[in-house]
Amino acid sequence: MAINKDAASKAMKLKTETLSPDAKGLRRAERILSAGGLVAFPTETVYGLGADARQGKAVARIFEAKGRPSFNPLIIHVANLGAARAYARFNDAALRLAVAFWPGPLTLVLPLREDAGLSPLVTAGNPTVAIRVPAHPLAQDLLTSFAGPIAAPSANPSGRISPTRAQHVMNGLSGRIDAVLDGGPTEVGLESTIIGLSDTPVLLRPGGLPAEEVARCLGHDLEVAPENPETVSAPGQLASHYAPRAMLRLNAQTAQPGERLLGFGNTPGATLNLSPSGDLHEAAANLFRHLHRLDRDTGPIAVAPIPRKGLGLAINDRLERAAAPRP
Ligand code: TXA
Ligand code: MG
């Protein structure tokens, strides 16, 4: 039961525990986090790689385990709006969105409070902080019993496909993290929608909450963050991201010789289909799982067209990054 306190030097040698989704597993997860360890846990979007957001060394281990460039700030996860207010200042628009959509797949980027007490690594030195209240019952239980902010990026090696199952986490990070809390497959399957609210509301990353719903709640259209790799404020904005090893060709009606076909709706000859009935929620939930399955092989992948509305916006965003030229 020893907990790895100085894991930096042992990052490659850990024996990653799989924790059960019950009181015992939660207690163990909480202890590891308190001791400065890393625990992957399910949210309704994707699995997150959690550390105590107040412990600099613990947060540093996240970057090390993921191989993540350290200029990328992290989202903190808290149990509810009341807890979130200890870390950020909420204006009227922020409050309205939090009340409407939390808990849920929405992250708000807000001005950081001076007395927040977060490790500066979490915000990468920015005067803003990204906050989310996940809806998954296990994440809620963990946040309530831990009673502190958990910094958590998606639990995958940097630049690779996000995990929607505990097994995906193990495949990417086994030996580099202390534990994974196994809560089965995630429901939404796409990361949270990120809205910047330090100034006028801006869509920083499309995600599991359709941008149309956010705009409807605010009563006006959302600005969309310009894509500038020099001023990346969300690495979902980096060109190559969410990438399988194989090359992807998008908007393909049929597969060319040697290609495997990822279908949507009626797609004859599809190797896998995101949603045979053309349902965007089902497609979102299946996206990363199907990419993980196709990633077991290296042959090229053709992807059928997916409409750019509702969750289709976020699905196309992820596919375009997966298809982008690699650094
Ligand atoms: O659904 C999700 O959001 C998942 C689960 C685990 O919560 N998390 C997730 O984290 O996708 P990550 O680190 O893979 O993506 C978080 C994004 C990054 O693109 C990061 O740059 C952006 O949020 N971000 C974090 N803090 C920010 C800040 N202060 N300003 C602007 N963007 C920020
Ligand atoms: Mg990620």
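Keep in mind that the numbers below use all heavy atoms, side chains included, and drop hydrogens, waters and symmetry copies. Ligands are counted one by one from 1 in listed order, and the atoms in each one are counted from 1 as well. Just so you know, these numbers come straight off a predicted model, no measurement behind them.
For ligand 1, the atoms sitting less than 4.0 Å from at least one non-hydrogen atom of Arg132 are 1 (O), 2 (C), 5 (C), 7 (O), numbered in the order shown with element in parentheses. For ligand 1, the atoms sitting less than 4.0 Å from at least one non-hydrogen atom of Ser154 are 8 (N), 9 (C), 10 (O), 12 (P), 14 (O), numbered in the order shown with element in parentheses. In summary, the atoms of ligand 1 found under 4.0 Å from a heavy atom of His77, numbered by their order in the structure, are 5 (C), 6 (C), 7 (O). Below 4.0 Å from some heavy atom of Gly48 lie the following atoms of ligand 1, by number and element: 6 (C).
Taking the side chain as every heavy atom from C-beta outward, Ile75 and Ser192 approach each other to under 4.5 Å. Annotation: side chain of Leu311 is in contact with side chain of Pro210 (closest heavy-atom distance under 4.5 Å). Considering only heavy atoms from C-beta on, Asp178 comes within 4.5 Å of Arg61 through its side chain.
At least one N or O atom of Ser192, backbone or side chain, sits closer than 3.5 Å to an N or O atom of ligand 1. Geometrically, ligand 1 and Arg205 share a nitrogen or oxygen pair separated by less than 3.5 Å.
Taking 4.0 Å as the cut-off, Ile75 counts as a neighbour of ligand 1 on heavy-atom distance. Not a single heavy atom of Asn72 sits under 4.0 Å from any atom of ligand 1.
Donor-acceptor pairing under 3.5 Å is lacking for the side chains of Thr128 and Asn126. A donor and an acceptor atom, one from each side chain of Ser154 and Glu191, are nowhere located under 3.5 Å apart. Side-chain contact of Asp22 with Ser20: a donor-acceptor pair under 3.5 Å is present, judged by distance alone. If you check the side chains of Gln167 and Asn171, you find a donor sitting under 3.5 Å from an acceptor.
Considering each of Arg68, Glu191, Glu44, Lys66, the one bringing a non-hydrogen atom nearest atom 13 (O) of ligand 1 is Arg68.
At a heavy-atom cutoff of 4.0 Å, ligand 1 is contacted by no atom of Thr123, backbone or side chain.
Not a single N, O or S atom of Asn156, from either the backbone or the side chain, sits less than 2.8 Å from the Mg ion (ligand 2).
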Checking Phe101 against Leu108 for the side chain to side chain contact (heavy atoms under 4.5 Å, CB included) test, could you report, in this order, the C-alpha distance in whole Å, the side-chain angles of both residues, the deciding distance, and whether it holds? CA-CA 11 Å; Phe101 299 115; Leu108 301 178; over 6 Å; no
